[in-house]
Novice: 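One structure, as structure tokens, below. Some questions next.
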Amino acid sequence: MALSPSNQQSQAFLGGLARRLVADKLLTEESAREVQQKALKSGRALVSVLVESKLARPAAIAESASLEFGIPLLDLSAADIDPAVAREVSEKVLRKTNALPLFKRGKKIYVAVSDPTNLQALDEIKFATGQQTEAILVEDDKLAKAIDAAVQVAESQQMDLGDADLENLDIVEGGESEAAGLDVTRADAEDAPIIRYVNKILVDAIHQGCSDIHFEPYEKTYRIRYRRDGELKTIATPPVSQGGRLAARVKVMSRLDLAERRIPQDGRIKLNLSKTKAIDFRVSTCPTLFGEKIVCRILDPSSAQLGIDALGYEPEQKAAYMHALEQPQGMILVTGPTGSGKTVSLYTGLNILNTEDINISTAEDPAEINLPGINQVNVNPRVGLTFAAALRSFLRQDPDVIMVGEIRDLETAEIAIKAAQTGHLVLSTLHTNDAPQTIVRLMNMGVPAYNIASTLTLIIAQRLARRLCSSCKKVANIPRAELIKQGFTEAEIDAPGFEVHEAVGCDQCDSGYKGRTGVYQVMPFSDAMGRIIMEGGSAMEIADQSLKEGIKDLRQSALAKVRAGIIDLAQANACTMGD
């Protein structure tokens with residue numbers, strides 16, 4: 001339909017985007033002229049004024065602008081933003097230009113803008129990075145949030161690294177590294193780029209919810225890996241020539257001996273994220289053929305504050321654990337492989353018991369989580385402070401609850417059992433595959449059966465499984481015969497609502513998984529089990545008795561979580577393999 005002369009005249013006063021919005025019936029001509037005049041007078045972008053005035057939705061404005069100017073439109077909430085590229089531009093430039101570098105392809109940086117006429121932003125980012133730029137259109141409100149997030153990450157990496165002034169530590173200078181062939185000195189360890197690089201590695205690991213960081217030197221490569229939700233993934237491959245400097249920097253922060261590269265060392269780093277939140281790293285070095293491998297275990301004190309409900313216990317398992325914690329004496333043992341969450345289970349129990357009227361002491365190697373109100377001791381065998389020596393000291397200090405990091409030998413086991421028999425609640429860990437084998441392990445150490453029968457209260461065997469992402473998991477089509485083979489009963493399969501889910505993957509998760517949950521076998525030690533071990537029974541007989549008493553083994557607990565849609569069969573098999 002042809003426009004009347006008056007309409008043609010009014011349209012002539014409108015710029016490209018304003019005219020397009022009128023044509024798309026997102027604005028009236030009058031509103032478009034008013035917004036355009038306001039933008040010209042204030043010197044601000046038309047898009048920003050439009051969003052602020054709430055005359056049209058940011059998504060609709062972006063769609064019209066994309067069609068008008070022929071610039072591709074991107075949903076920022078689903079975009080994969082490269083933090084390293086965003087950090088190449090200062091906060092001042094990001095705020096001034098209202099633009100955000102997203103990622104780099106070859107020698108070109110792709111920049112998110114909400115105003116397609118914002119050519120100055122592209123020029124400034126090109127000048128700041130020395131790279132060619134190309135615009136990608138995004139919604140204005142999402143761009144503002146993305147810039148805020150990028151700035152927050154950048155600021156977090158300039159944080160205070162601890163109570164001590166790390167720059168003024170008295171560090172022993174090292175000579176030439178036999179393995180790496182480098183002269184690694186204090187100056188190398190305090191080189192500004194190395195400091196920033198290591199800080200970034202540590203902070204990014206915290207933000208991503210990782211549990212460990214691995215610095216690994218090889219003959220021709222150097223690799224840094226994160227362990228997240230139990231999976232190791234390479235996140236950086238710095239030049240192998242920098243391996244010695246990276247190791248030196250971590251050792252400086254951990255207050256370790258720079259000159260000593262022949263034997264393993266252990267240390268800690270404290271990272272203050274804010275005035276109220278701090279994260280500790282337990283650092284372990286180990287000499288390898290081509291340099292020192294360093295592993296940093298991330299210790300978050302808040303993990304002990306999550307509460308027992310967040311750990312994944314079934315209702316009956318939680319009740320059994322809580323009942324054991326309420327007892328004035330006895331022994332609670334948590335068992336499982338390294339990295340299965342035993343420490344968090346123990347600390348959660350200690351946190352429940354941690355009240356003003358209870359005296360709690362722990363002996364650990366080393367203390368992983370700092371809990372105010374609990375007396376924690378780091379064992380040090382080199383000076384004679386063993387688990388057994390610490391336990392003897394505790395018994396002379398009027399304890400109510402004692403936690404032993406691990407029962408490793410007969411001497412420690414005997415003192416722990418003695419404490420449990422004389423009015424103390426004792427918590428500890430062992431390394432066995434399941435709860436029944438824990439009893440046999442104690443007997444193999446040399447602990448008399450009658451002492452086990454009179455002392456043991458509860459055994460918890462546990463594993464960690466990757467939790468399915470609730471946003472993208474889907475129902476798996478698995479044949480009935482395979483379900484039965486996996487351990488489901490026909491009654492379970494025929495029950496209303498029975499479903500098994502599988503991982504898919506989306507922008508909210510990592511390959512279909514998000515976080516981890518515990519899989520438990522919580523076995524109260526009954527009189528019947530006591531009679532079995534007094535008669536010289538085996539772990540298999542104890543396991544049969546526990547099943548008779550209605551106690552789920554690890555496999556049954558894992559399948560229960562599969563039925564509930566929390567984990568998939570792949571994770572159930574992974575965490576119970578060999579059990």
Side-chain angles (χ1 to χ4, degrees), residues 59 72-86 100-105 110 112 136 138-139 142-143 145-146 149-150 153 200-201 203-214 223-237 298 300 303 306 310-312 339-341 463-479 482-483 485-488 497-519 557-577:
L73 179 62
L74 176 69
D75 183 1
L76 257 186
S77 61
D80 186 14
I81 301 174
D82 186 345
V85 175
L100 179 65
L102 297 177
F103 51 84
K104 187 184 296 184
R105 294 291 183 271
Y110 291 81
I136 295 180
V138 298
E139 297 167 41
K142 291 183 179 180
L143 177 59
K145 292 178 182 178
V153 170
K200 174 186 179 300
I201 293 295
V203 173
D204 284 354
I206 295 171
H207 289 324
Q208 294 184 31
C210 302
S211 60
D212 301 271
I213 309 169
H214 294 244
R223 179 173 66 177
I224 300 175
R225 293 191 289 175
Y226 286 166
R227 187 180 293 279
R228 181 181 178 190
D229 294 341
E231 299 288 315
L232 272 172
K233 290 188 177 179
T234 300
I235 57 95
T237 53
I298 301 174
D300 186 356
S303 61
L306 292 174
L311 300 186
S340 60
R463 301 287 189 276
L464 287 178
R466 302 181 76 190
R467 184 189 292 267
L468 284 169
C469 173
S470 57
S471 299
C472 65
K473 66 181 181 182
K474 70 174 184 180
V475 176
N477 184 18
I478 301 176
E482 179 61 24
L483 291 172
K485 182 180 177 181
Q486 290 289 334
F488 292 106
F498 175 84
E499 289 179 339
V500 174
H501 291 80
E502 63 183 0
V504 178
C506 66
D507 59 351
Q508 302 294 321
C509 65
D510 181 11
S511 303
Y513 302 98
K514 190 173 184 179
R516 290 192 289 179
T517 187
V519 175
S557 294
L559 293 179
K561 282 183 163 51
V562 172
R563 289 198 307 273
I566 299 172
I567 65 174
D568 59 12
L569 271 174
Q571 285 299 301
N573 292 333
C575 72
T576 60
M577 190 176 297

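Along the sequence shown, residues are numbered consecutively beginning with 1.
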Novice: Check Ala503 against Asp568 and note the closest heavy-atom contact, atom names and distance.
Specialist: N-OD2, 3.9 Å
Novice: With sequence neighbours left out, write down each residue that passes side-chain contact (heavy atoms from CB on, under 4.5 Å) with Ile235, or none if nothing qualifies.
Specialist: Ile201, Ile224, Tyr226
Novice: Which atoms form the tightest heavy-atom contact between Cys575 and Arg463, and what is the distance?
Specialist: O-CG, 3.0 Å
Novice: With a 4.5 Å limit on heavy-atom distance, are the side chains of Leu74 and Tyr110 in contact?
Specialist: no
Novice: Are Leu232 and Arg227 packed together at the side-chain level, in the sense that at least one heavy-atom pair is separated by less than 4.5 angstrom?
Specialist: yes
Novice: Evaluate the side-chain proximity of Cys210 to Arg228: yes if any heavy-atom separation is below 4.5 Å, no if none is.
Specialist: yes
Novice: For Arg225, which residues count as a salt bridge (charged side-chain N to carboxylate O under 4.0 Å, His left out) partner, sequence neighbours excluded?
Specialist: Glu216
Novice: So, for Ile213 and Ala205, which heavy atoms are closest and what is the spacing to 0.1 Å?
Specialist: CD1-CB, 3.5 Å
Novice: Does any non-hydrogen side-chain atom of Thr576 lie less than 4.5 Å from one of Leu559?
Specialist: no
Novice: So which atom in Val519 and which in Ala558 form the shortest heavy-atom distance, rounded to 0.1 Å?
Specialist: CG1-N, 3.7 Å
Novice: Could you give the side-chain donor-acceptor pairs of residues 465-477 under 3.5 Å, partners two or more places apart or in another chain?
Specialist:
unit_1: Arg466; atom_1: NE; unit_2: Asp229; atom_2: O; d: 3.4
unit_1: Arg467; atom_1: NH2; unit_2: Thr517; atom_2: OG1; d: 3.4
unit_1: Lys473; atom_1: NZ; unit_2: Gly565; atom_2: O; d: 2.8

Novice: To the nearest 0.5 Å, tell me how far His501 NE2 sits from Glu499 CD.
Specialist: 4.5 Å
Novice: Could you go through Gln571 and Tyr513, starting from their C-alpha distance and side-chain angles, then the distance that decides it, and tell me whether this counts as side-chain contact (heavy atoms from CB on, under 4.5 Å)?
Specialist: CA-CA 10 Å; Gln571 285 299 301; Tyr513 302 98; 3.7 Å; yes
Novice: Which heavy atom in Gly505 sits nearest to a heavy atom in Cys509, and how many Å separate them?
Specialist: CA-SG, 3.8 Å
Novice: Minimum heavy-atom separation for Ala146 to Leu100, with atom names?
Specialist: CB-CD2, 3.7 Å
Novice: Listed by chain and number, what are the salt bridge (charged side-chain N to carboxylate O under 4.0 Å, His left out) partners of Lys145, not counting sequence neighbours?
Specialist: none
Novice: Let me confirm one number: the OG1-NE2 distance from Thr234 to His214, rounded to the nearest 0.5 Å.
Specialist: 10.5 Å
Novice: Restricting to side-chain hydrogen bond (donor to acceptor under 3.5 Å, both in side chains), what partner residues turn up for Glu482, sequence neighbours left out?
Specialist: Gln486
Novice: How long is the straight-line distance from CZ of Phe103 back to CD1 of Ile136, given to the nearest 0.5 Å?
Specialist: 4.0 Å
Novice: For Ala564, which residues count as a side-chain contact (heavy atoms from CB on, under 4.5 Å) partner, sequence neighbours excluded?
Specialist: Ile566
